Number of protein chains: 2
Amino acid sequence: MVMYNPFVVRAATTTDAFNAVAEPRRREILDLLASGERPVGELVRRLGMSQPLVSKHLRVLREVGAVQVRGEGRRRLYRLNAQALKPVHDWVRGYERFWAQRFDRMDDVLEELKREEEGDGSDG
Amino acid sequence: MVMYNPFVVRAATTTDAFNAVAEPRRREILDLLASGERPVGELVRRLGMSQPLVSKHLRVLREVGAVQVRGEGRRRLYRLNAQALKPVHDWVRGYERFWAQRFDRMDDVLEELKREEEGDGSDG
DNA sequence: ATTATACATAACCATATGGTTATATATCAA
DNA sequence: TTGATATATAACCATATGGTTATGTATAAT
C-alpha cells in the first residue's frame, strides 16, 4: 500500500526544452530567431506581443538554453541555440516508425482508416 | 498605442500535442504504450503513479488524440496513436539543420565549444 | 546633467496544472 | 444479490503559468 505524498516539491515544469517549446508564442520566437539574431524590440514588433511578455518568454528560453544573448549597445541580441531542442527531436523521432509503418503494412493502414471512420467513442 | 487586454480567455494549453508531451509522466505513458496496447492497471503498476493520476494523464492524451481506448470487459485498453505526435516531429525537424550544420562548418563547431566552455553568462 | 530608448524585473491577478483522497460506475465472481 | 475489481470522475489544494501594468537600469542622444 504505497502512500503518494501530496504536494511534494513539484518539479518545475518550465525548466526543460519540452516545456519551453510547449508554449506557442515561444515557438514563434524560436521560429523567428531561426532566421538570425534579433533584438528584443524586433521580436516585439514582429510578433505583436507586449515587450515584457517577450522578455519573459525569452528568459524561459534562455534558461533552457534554447537562446543565447549578446549585448550590443542598449540592445540585447538574441540568437537561437538549436542544440537545446535536440532532446525533443530525439524523443519524438522514436515515434517516426509509427507513421512510416503505415506505408509498409497495408492491413494496418486499412485498420487505421476503419478506426478513424468509427471515431474512438471513448469520451464521457 | 495598442492595448493588451488582460485576462482574455487563455487558450487552453493542454489541448495540443506539444503540451501533452511536455509532461514527463505523459511521455513515460506514451513510451510504454509504444510497445503495445496496455490496460490502465498495468500502467499504474509499471509507472508507480496513482491510478487516478494515470487516468487523468490518459485523458489528456486522449483529448489530443495521442492514445485511443478500447473497452475489454471491465478493463480499458489504451493504445498509442502516434499520428498525433507528428506536428511535434514536423516542427522540431525544422531545426535539424542546425545541429547537422555543426559538422559542415568547422569554425562554428569551435565557436560553439568555446561558448559551452565559458557558460552562457546571461543570468541575473 | 537631462531626456529618451531598449530592455529586464517586480508585483500582481486569473486560471491551468499536477497531484491527492473519496466516490461513482461498470463488469466479473460468489 | 452481494461483493470485489478496474477505471473514471469529482472535489479539493498548492503551485506554476501567461498575461498585465508599473518601475528599474543601462546606454545613447541632446
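None of these values were measured; they are calculated from a predicted model. Letters A, B, ... are given to chains in the order of the sequence lines, protein chains preceding strands, and every chain is numbered from 1.
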- Could you tell me whether the side chain of A:Q51 has a donor or acceptor atom within less than 3.5 Å of a complementary atom in the base of C:dA6? no
Interatomic distance where [atom1] belongs to [X] and [atom2] belongs to [N] [whole Å]:
| X | N | atom1 | atom2 | answer |
| --- | --- | --- | --- | --- |
| B:R26 | C:dA16 | CZ | C1' | 11 Å |
| B:F18 | D:dG18 | CZ | P | 15 Å |
| B:M49 | D:dT7 | CE | P | 15 Å |
| B:L43 | D:dA6 | CG | C1' | 13 Å |
| A:R75 | D:dA28 | CZ | P | 11 Å |
| A:E28 | D:dG18 | CD | P | 13 Å |
| B:L53 | D:dT9 | CG | P | 14 Å |
| A:R70 | C:dC7 | CZ | P | 13 Å |

Among [options], which nucleotide has an atom closest to any side-chain atom of [X]?
| X | options | value |
| --- | --- | --- |
| B:R76 | D:dA8, D:dG18, C:dT20 | D:dA8 |
| A:S55 | D:dT20, C:dA8, D:dT7 | C:dA8 |
| A:R74 | D:dG19, D:dA29, D:dA4 | D:dA29 |
| B:R62 | D:dT9, C:dG18, C:dG19 | D:dT9 |

- Please determine if a side-chain N or O atom of A:Y78 lies less than 4.0 Å away from the OP1 or OP2 oxygen of C:dA6. no
- Query: Are any of B:R59's side-chain N or O atoms less than 4.0 Å away from OP1 or OP2 of D:dA8?
  - Reply: no
- Message: Using heavy-atom distances to pick each residue's nearest nucleotide on DNA chain D, tell me which of B:E42 and B:K56 is more 5'.
- Response: B:E42
- Message: Once you apply a heavy-atom cut-off of 4.0 Å, does A:P52 come out as touching a base, just sugar-phosphate, or nothing?
- Response: base
- Residue from A:W91, A:F98, A:W99 passing ring-ring contact (aromatic ring centres under 6.0 Å, His included) with B:H89: A:W99
- Task: Please say which of B:R27, B:R25, B:E28 ends up in a side-chain contact (heavy atoms from CB on, under 4.5 Å) with B:H57.
- Result: B:R25
- From A:R76, A:R75, A:R74, residue fulfilling salt bridge (charged side-chain N to carboxylate O under 4.0 Å, His left out) relative to A:E72: A:R75
Contacts table for residues 34-42 of chain A: side-chain donor-acceptor under 3.5 angstrom, sequence neighbours left out:
{"from": "A:S35", "atom 1": "OG", "to": "A:L32", "atom 2": "O", "distance (Å)": "2.8"}
{"from": "A:S35", "atom 1": "OG", "to": "A:R38", "atom 2": "NH2", "distance (Å)": "3.2"}
{"from": "A:E37", "atom 1": "OE1", "to": "A:R70", "atom 2": "NH2", "distance (Å)": "2.8"}
{"from": "A:E37", "atom 1": "OE2", "to": "A:R70", "atom 2": "NE", "distance (Å)": "2.8"}
{"from": "A:E37", "atom 1": "OE2", "to": "A:R70", "atom 2": "NH2", "distance (Å)": "3.4"}
{"from": "A:R38", "atom 1": "NE", "to": "A:E42", "atom 2": "OE2", "distance (Å)": "3.3"}
{"from": "A:E42", "atom 1": "OE2", "to": "A:R46", "atom 2": "NH1", "distance (Å)": "3.1"}

- Least distance between heavy atoms, A:G65 atom then A:N81 atom: O-ND2, 2.9 Å
